[in-house]
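Below, chain A is the first sequence line, B the second, and so on; all start at residue 1.
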Amino acid sequence: AQKVTQAQTEISVVEKEDVTLDCVYETRDTTYYLFWYKQPPSGELVFLIRRNSFDEQNEISGRYSWNFQKSTSSFNFTITASQVVDSAVYFCARSPNNAGNMLTFGGGTRLMVKP
Amino acid sequence: DTGVSQDPRHKITKRGQNVTFRCDPISEHNRLYWYRQTLGQGPEFLTYFQNEAQLEKSRLLSDRFSAERPKGSFSTLEIQRTEQGDSAMYLCASRGSSYEQYFGPGTRLTVT
């Protein structure tokens with residue numbers, strides 16, 4: 001199986017600190033997609049970003065930024081100036097570039113932001 | 001824009017009973033997915049529909065599980081003869097022409 005690994009199971013920071021969530025993936029595919037989802041305490045998975053394997057340009061959206069490094073098979077997620085509302089479990093996922101695009105998820109990182 | 005909805009949100013059943021869950025995808029989405037998430041883990045793929053055709057099934061989907069999407073709109077997931085190991089959150093997602101899957105709130109199943 002082509003795994004997605006999130007080595008950090010839990011991270012605790014104080015509000016306004018920056019935090020980076022790591023994601024490493026395995027793939028035999030030439031092209032594929034990478035994703036980040038947020039799962040707040042309410043339980044619903046919220047889509048954050050999709051990245052195509054052929055586009056290594058990093059992306060910034062407000063306080064969120066993503067660093068895609070194809071050479072190291074990593075797709076890390078940084079939250080700048082964290083807020084209490086960022087507390088959630090964050091999942092990294094990968095899908096092949098085919099009609100089905102079934103997602104393979106990592107185990108998740110629980111982020112706790114303390115006031 | 002209505003998101004993905006799932007019913008029921010919670011289900012408690014006794015071992016050996018049958019249960020059925022429903023998923024209503026985003027209206028214009030032709031692809032529908034079922035995933036299962038156990039406590040402290042990431043979701044795991046179960047099965048996938050494009051319109052009414054079930055195109056992929058995971059080996060996690062034992063013969064006690066069956067899923068349908070009869071008219072290419074809503075989908076049902078049935079578990080027969082439930083076991084305690086079936087206790088999990090069952091998530092439905094849908095996708096249109098882009099590659100993002102949008103998830104519903106899930107159905108939490110507890111088998112006692």
What are the two closest heavy atoms between A:Arg50 and B:Tyr99, and how far apart are they? CD-CB, 3.5 Å
Neighbour count above 12 (heavy atom, 6.0 Å) for A:Arg110 CZ: no
Output for pair (A:Phe35 CZ, B:Glu100 CD), nearest 0.5 Å, gives 6.5 Å
Examine A:Leu111 and A:Ile49 and state if one hydrophobic cluster contains both, with Ile, Leu, Val, Met, Phe, Trp and Tyr joined whenever side-chain heavy atoms are less than 4.5 Å apart. yes
Measuring from A:Phe47:CZ to B:Ser98:OG, what's the distance to the nearest 0.5 Å? 7.5 Å
Would a hydrophobic clustering, with Ile, Leu, Val, Met, Phe, Trp and Tyr connected at side-chain separations under 4.5 Å, put A:Val4 with A:Val89? no
Interchain contact, B:Tyr33 with chain A, by part (heavy-atom threshold 4.5 Å): side chain
Could you check whether any side-chain heavy atom of A:Phe91 comes within less than 4.5 Å of a side-chain heavy atom of B:Pro43, counting everything from C-beta outward? yes
Per-residue contact mode, B:Gln41 against chain A (heavy atom under 4.5 angstrom): backbone
A:Gln39 portion near chain B, given a 4.5 angstrom heavy-atom threshold: side chain
Mark yes when over 12 heavy atoms from residues, nucleotides or ligands other than B:Arg15 sit less than 6.0 Å from its CZ; otherwise mark no. no
Please determine whether the number of non-hydrogen atoms from other residues, nucleotides or ligands lying under 6.0 Å from atom NZ of A:Lys70 exceeds 12. yes
For B:Lys11, does the NZ atom have more than 12 heavy-atom neighbours from other residues, nucleotides or ligands under 6.0 Å away? no
Hydrophobic cluster membership, with links at side-chain heavy-atom distances under 4.5 Å among I/L/V/M/F/W/Y: are A:Phe105 and B:Trp34 in one? no
Quick check on B:Ile12: does its CD1 atom have over 12 non-hydrogen neighbours (other residues, nucleotides or ligands) under 6.0 Å away? no
Do you reckon B:Phe21 sits in the same ILVMFWY cluster as B:Phe65, going by side-chain contacts under 4.5 Å, direct or chained? yes
Calculate, to the nearest 0.5 Å, the distance between atoms CG and CG belonging to A:Leu103 and B:Leu91 respectively. 11.0 Å
Under a 4.5 Å side-chain heavy-atom rule over Ile, Leu, Val, Met, Phe, Trp and Tyr, are A:Val46 and A:Tyr33 clustered together? no
B:Glu68 atom CD, neighbour heavy-atom count above 12 within 6.0 Å: no
Using 0.5 Å steps for rounding, measure from the CE atom of A:Met102 to the CZ atom of B:Phe45. 4.5 Å
Within residues 101-112 of chain B, the residues sitting under 4.5 Å from chain A by heavy atom, in sequence order, are B:Gln101, B:Tyr102, B:Phe103, B:Gly104, B:Pro105
Part of B:Gln37 within contact of chain A (heavy atom distance under 4.5 Å): side chain
Contact origin within A:Asn52 toward chain B - heavy atom pairs under 4.5 Å: neither
Is B:Tyr35 close to chain A through its backbone or its side chain, or both, or neither, when contacts mean heavy atoms under 4.5 Å? side chain
